Amino acid sequence: MDFDTITSISTPMGEGAIGIVRLSGPQAIEIGDILYKGKKKLSEVETHTINYGHIIDPETNETVEEVMVSVLRAPKTFTREDIIEINCHGGILTINRILELTMTYGARMAEPGEYTKRAFLNGRIDLSQAEAVMDFIRSKTDRASKVAMNQIEGRLSDLIKKQRQSILEILAQVEVNIDYPEYDDVEDATTDFLLEQSKRIKEEINQLLETGAQGKIMREGLSTVIVGRPNVGKSSMLNNLIQDNKAIVTEVAGTTRDVLEEYVNVRGVPLRLVDTAGIRDTEDIVEKIGVERSRKALSEADLILFVLNNNEPLTEDDQTLFEVIKNEDVIVIINKTDLEQRLDVSELREIIGDMPLIQTSMLKQEGIDELEIQIKDLFFGGEVQNQDMTYVSNSRHISLLKQARQSIQDAIDAAESGIPMDMVQIDLTRTWEILGEILGESASDELIDQLFSQFCLGK
């Protein structure tokens, strides 16, 4: 597949020690030779080398920057095209000028994710590996990056390819049945083989889907909302969990007027932590907007941290709020244990039932460890499974695996009901196609364009 030559800045914008301008395509080295001056032309150096020199403006012969230029020749590159990477000082003006020169002499600005898209289109990686590249960039914990790296290395791809090959073998046996229908023993053997292999594939799909909940949490973070009446210590809890003073803490009720959101790593569990405005009836217009946003955050939460004040008895507002959240995953927290106890714990236990109950003092930073352990226990059963497992963490992959499971179940049901094999073949072929969508082998151009548009510009 023939492409033009693309260019972009591949490091974050802003001041830094190093900035990188990357070119990929058939003219990458040629454009480099126009701009680069060193001991040798870039077209004459060995592949996979880094070369010291200067970038020169050919029109004025002015030295623009002192650089180190990496030269990587196809096909042993990320895009399977010729690539050069111009490493320069990280000043905004300098790196932008080098970018402009590369476009002046033949390259065009890369689209978001276009390098990875070319790697996919040139057969360097499949679509699941391409998506894992962005997951790796966005990962917020060590475990999340490990999951993404395993997918980049092809662990999920290998399993999907193995399942698709098994389906092809089943289809081949079905073809034998269709071609030689006069042999009863062939029909029986084919049906037995189909059922045995299809059930095995379904079980493998089930095993992958069982990792989906953990994988999705590690990829996207657990949406965790801190709720309670005003001034029970919600903002202090946020500050303690993220170990920073992001939320304003005062004795004045209603200080938090809006939803505050932060990411935090709690014992390997990435939390998208949301501190909400205290939920209560209020005439303050601004606070009322904050309360409505709090209610919306509650409806979207994976986990709710319900905070109560140890220094106050339960109120009608507490009980009303509990009615709203009682069917969700909730950890109840009695905060301010450094103050005199006025909350009736036995009464509270009757209301919350078997919900986890933690006692904390945010002022003295007591109970935080117990809270973190409880969060991990609630979602991962006390421990995250082996890091070497193949997790399914992408929502698109999970949806397709569910469709594939249903399709192969339809094939199993049809075979067990004695439906003709050519009809069973339709469901098997559909399963094969659905699994191919995970790898990108049967994905539409629109889907591919949409997926890569979510990437950052230099990747």
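Owing to the predicted nature of the structure, the values given are computational and were not obtained by experimental measurement. Hydrogens, waters and symmetry mates are skipped; everything else that's a heavy atom, side chains included, is used. If you read the sequence from its start, that first residue is 1, and numbering goes on from there.
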Report yes if the side chains of [X] and [Y] come closer than 4.5 Å at any heavy-atom pair, otherwise no.
X: Q403; Y: E437; answer: no
X: E131; Y: H397; answer: yes
X: I86; Y: L23; answer: yes
X: L35; Y: P58; answer: yes
X: L439; Y: S157; answer: yes

Does this structure show an ion pair linking [X] with [Y], if we count only N-O contacts that are shorter than 4.0 Å?
X: E204; Y: R200; answer: yes
X: D126; Y: R155; answer: no
X: R97; Y: E65; answer: no
X: E169; Y: R164; answer: no

**Prompt:** Just wondering, are more than 12 heavy atoms of other shown residues or ligands nearer than 6.0 Å to NZ in K364?
**Reply:** no
**Asked** Considering residues at least two apart in sequence or located in another chain, which fulfil the side chain to side chain donor-acceptor pair (under 3.5 Å) criterion with Q365?
**Response** N240
**Message:** Would you say T360 and N335 are linked by a side-chain donor-acceptor pair, where the criterion is simply a distance under 3.5 Å?
**Reply:** yes
**Prompt:** How would you list, by chain and number, every residue that makes a ring pair (Phe, Tyr, Trp, His ring centres under 6.0 Å) with H54, sequence neighbours excluded?
**Reply:** Y52
**Within 45° cone of F78 ring axis and under 6.0 Å: R124 NZ or CZ** = no
